[in-house]
Amino acid sequence: MELVVLSGKGGTGKTTIATALSELAKDVVRIDCDVDAPNLYLFYKGVDIEKKDFYGGKKAIINEYFCTKCGKCEVVCKFNAIKDCKIDTFSCEGCGACTLICPEKAIKLVKGKSAETFITKSDKGIISRAEMSIGSDASGKLITFLRNNGKRFAEKDTLTIIDSSPGIGCPVISSVTVSDAVLIVTEPTKSAMEDLMRVTALCMSFGLFIMICINKCDINEDICKQIEKFTLEKKLVLVGKIPYDDTVLKSINELKPIIYYKDSTACDAIKEMWTNIRKLIY
Amino acid sequence: MNIAVLSGKGGTGKTTVSTNLALALRANYIDCDVEEPNGFLFLKPDIEKTEQVKVEYPFIDDKKCISCGSCVEVCEFNALAKVKDDIILFQKLCHSCGACKIICKQNALSYKYRETGRIDKGHTQDIKCIRGVLNVGEPMAVPIIKQLLNNVPQGINIIDCSPGTSCNVVNTIKYSKGAILVTEPTEFGFHDLKMAVELVKTFNIPFGIIINKDNGEDNIINKYCKEENIPLIGNIAYSKNIAKIYSNGDILYNNDEYKKLFEHMAGNTLEVLKWN
């Protein structure tokens, strides 16, 4: 069973909630697909039991010995990655068009390392995560790799929880495709609601089973009601309303999942939400 | 001058800072968070013009194509596949690089255009407001960001970036002469801020930090700024009132107390980004 936690808007509480649910679920594999801002592993003091270099794409390299500075490569490059026969590796998308056009065959494509991927073992289970090389592409290929890498440790009854990134582009699309269910974590602000509509439309286009959680639900009751209305209209399932709770901030700063704080109203609401989710996904 | 406003972590306050600073600086506001743009919600500009963003994709002439498969082999993005005698295109994987046309010896490839998003342009309170909007279901934000940033107005442009530190943000900083990193004093905020700082440093542009939702104590971000010699442009105090105003989609700048705060930060911004 694979559950993806997403949001559209950043900062609504995906990682807090994904982590809390993973603690409640017991037999779980955690996958952090928010590769350019990975926070989930911060909650766990684990040991990296596997480490692999990930090569997401390629970069062009010009062999100056053979280069005659004809400039044909610069003309053909659609990404403005070549100037004065020098390649800007940040702009180069590794398409190879320049390698095909070069009359001297002075250009070749080489694999570029975009990330290091890890399997981290904690006493609460396995985490599949990545550390990106600065400025690299958070490509769909990397996300897909992380999902598959983590799922190797999942058994029949294991719940795989995926902490996704904000947005609706390539990394998010790669996180949700072929999953069993998504939990969209939103908050009662106009920004979050605008973003919720777009990320919902994305998930609906994939025919996914969508659950909604309104986090920090009491910061604006009007907008909370509007989100509930939206959920009904789109025939989605509202599984939880989590009140704003300062303890959550404390839990993040102490790097301890919220469910360990007994007097937390957010903790209680998340536990209730888990009961609802469990009934739906199992 | 383009000033990129980024963060690493989502939800730290990029849009809050970008929209309010744009008003304080009388600068243009450019929303490059094209996957989930929110700036126009607060600035409420009158939208005067909308242009489509189109990308090229290969079109194969069946009469000329001999199904040799060279285009499939050469495509680094797996956007072309050979199934029996047919060449199939996966439009959304295509990066519009042109490699397939170069390799085709039958001259069977030409390019057509398809829409992946749009750019809206308008005005509010004498500042220009421009945003990119990616069509839902499209994976690639970068073509829209590039079209936005290849056509910016004169003057100071505040560029609201997407969260993260990867290609969307890289393609925004590339066009910028300075950066503002908006963070929050939490472990997550700090962790992601360090990644964002490392990224900005590779571009060799001046940058400063704004601490949002600041609890007023001597926090990890303050210490980090001192240790790393990174200028602090300003702090926005943690406030339930601010959270409420924000949640309703209202702009803080319209409130006198916050107007002063952003005007103070506007002054600091120009100082930090000019002289750093």
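Small disclaimer: the values here were computed from a predicted structure and weren't measured. For the numbers below, each heavy atom of this structure counts, side chains included, while hydrogens, waters and symmetry mates do not.
- If you measure heavy-atom distances from A:Ile173 to chain B, the contacts under 4.5 Å come from the side chain alone.
- In this structure, chain B has no heavy atom under 4.5 Å from any part of A:Lys216.
- When the shell of 6.0 Å around OH of B:Tyr113 is examined, it contains 12 or fewer heavy atoms from other residues, nucleotides or ligands.
- Dense packing is recorded around CG of A:Asp88, with more than 12 heavy atoms of other residues, nucleotides or ligands lying under 6.0 Å away.
- Side-chain atoms of B:Thr124 come within 3.5 Å of backbone N or O of B:Leu43 as a donor-acceptor pair.
- With sequence neighbours left out, the side-chain hydrogen bond (donor to acceptor under 3.5 Å, both in side chains) criterion links B:Asn212 to no other residue.
- A salt bridge is defined here as a Lys NZ or Arg NE, NH1 or NH2 lying under 4.0 Å from an Asp or Glu carboxylate O, and B:Arg131 with B:Asp120 meets this definition.
- No more than 12 heavy atoms of other residues, nucleotides or ligands sit less than 6.0 Å from atom NZ of B:Lys112.
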Checklist line | Test side chain to side chain contact (heavy atoms under 4.5 Å, CB included) applied to B:Glu76 and A:Glu93, step by step | finding: CA-CA 9 Å; B:Glu76 291 288 337; A:Glu93 298 213 359; over 6 Å; no
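- Heavy atoms of B:Pro37 lying under 4.5 Å from chain A belong to its backbone as well as its side chain.
- For the pair B:Arg118 and B:Glu115, the salt-bridge criterion is not met [side-chain N within less than 4.0 Å of a carboxylate O].
- In this structure, chain B has a heavy atom under 4.5 Å from the side chain of A:Leu42, while its backbone stays farther away.
- Taking the centre of each ring, B:Phe203 and A:Phe90 come in below the 6.0 Å mark.
- Using a 4.5 Å cut-off between heavy atoms, B:Thr186 touches chain A through backbone and side chain atoms alike.
- Contact annotation for A:Pro188: only backbone heavy atoms (N, CA, C, O) come within less than 4.5 Å of a heavy atom of chain B.
- For chain B, no part of A:Val172 is nearby; none of its heavy atoms comes within less than 4.5 Å.
- Taking the charged nitrogens against the carboxylate oxygens, B:Lys101 and B:Glu56 have no contact shorter than 4.0 Å, which rules out a salt bridge.
- Ring orientation note: the planes of B:Phe77 and B:His95 are close to parallel, at an angle under 30° on the 30°/60° scale.
- Proximity to chain A (any heavy atom under 4.5 Å) is shown, for B:Thr15, by neither the backbone nor the side chain.
- No part of B:Lys14 comes within reach of chain A, as not one of its non-hydrogen atoms sits under 4.5 angstrom from that chain.
- Only the side chain of B:Ile102 comes within contact range of chain A, with at least one heavy atom under 4.5 Å from a heavy atom of that chain.
- In this structure, chain A has a heavy atom under 4.5 Å from the backbone of B:Glu138, while its side chain stays farther away.
- Residue-level contacts of residues 74-83 of chain A with chain B, in order of numbering, are A:Val76, A:Lys78, A:Phe79; threshold 4.5 Å between heavy atoms.
- When heavy atoms are compared at a cutoff of 4.5 Å, A:Glu254 does not approach chain B at all.
- Proximity to chain A (any heavy atom under 4.5 Å) is shown, for B:Phe40, by neither the backbone nor the side chain.
- The closest donor-acceptor contact from the side chain of B:Ser176 to the backbone of B:Thr172 lies under 3.5 Å.
- Proximity to chain B (any heavy atom under 4.5 Å) is shown, for A:Ser91, by both the backbone and the side chain.
- Using a 4.5 Å cut-off between heavy atoms, A:Ser136 contacts chain B through its backbone alone, with no side-chain atom that close.
- Contacts between B:Val34 and chain A at a heavy-atom distance below 4.5 Å involve the backbone alone (N, CA, C, O).
- Residue B:Lys54 places its NZ atom among 12 or fewer non-hydrogen atoms of other residues, nucleotides or ligands, all under 6.0 Å distant.
- A:Tyr244 touches chain B through its side chain: at least one heavy atom from C-beta onward sits under 4.5 Å away, while N, CA, C and O do not.
- B:Phe42 and B:Tyr246 have parallel rings, their planes meeting at less than 30° on a 0 to 90° scale where 60° marks the start of perpendicular.
- Contacts between A:Leu202 and chain B at a heavy-atom distance below 4.5 Å involve backbone atoms as well as side-chain atoms.
- Both the backbone and the side chain of A:Pro38 have a heavy atom closer than 4.5 Å to some heavy atom of chain B.
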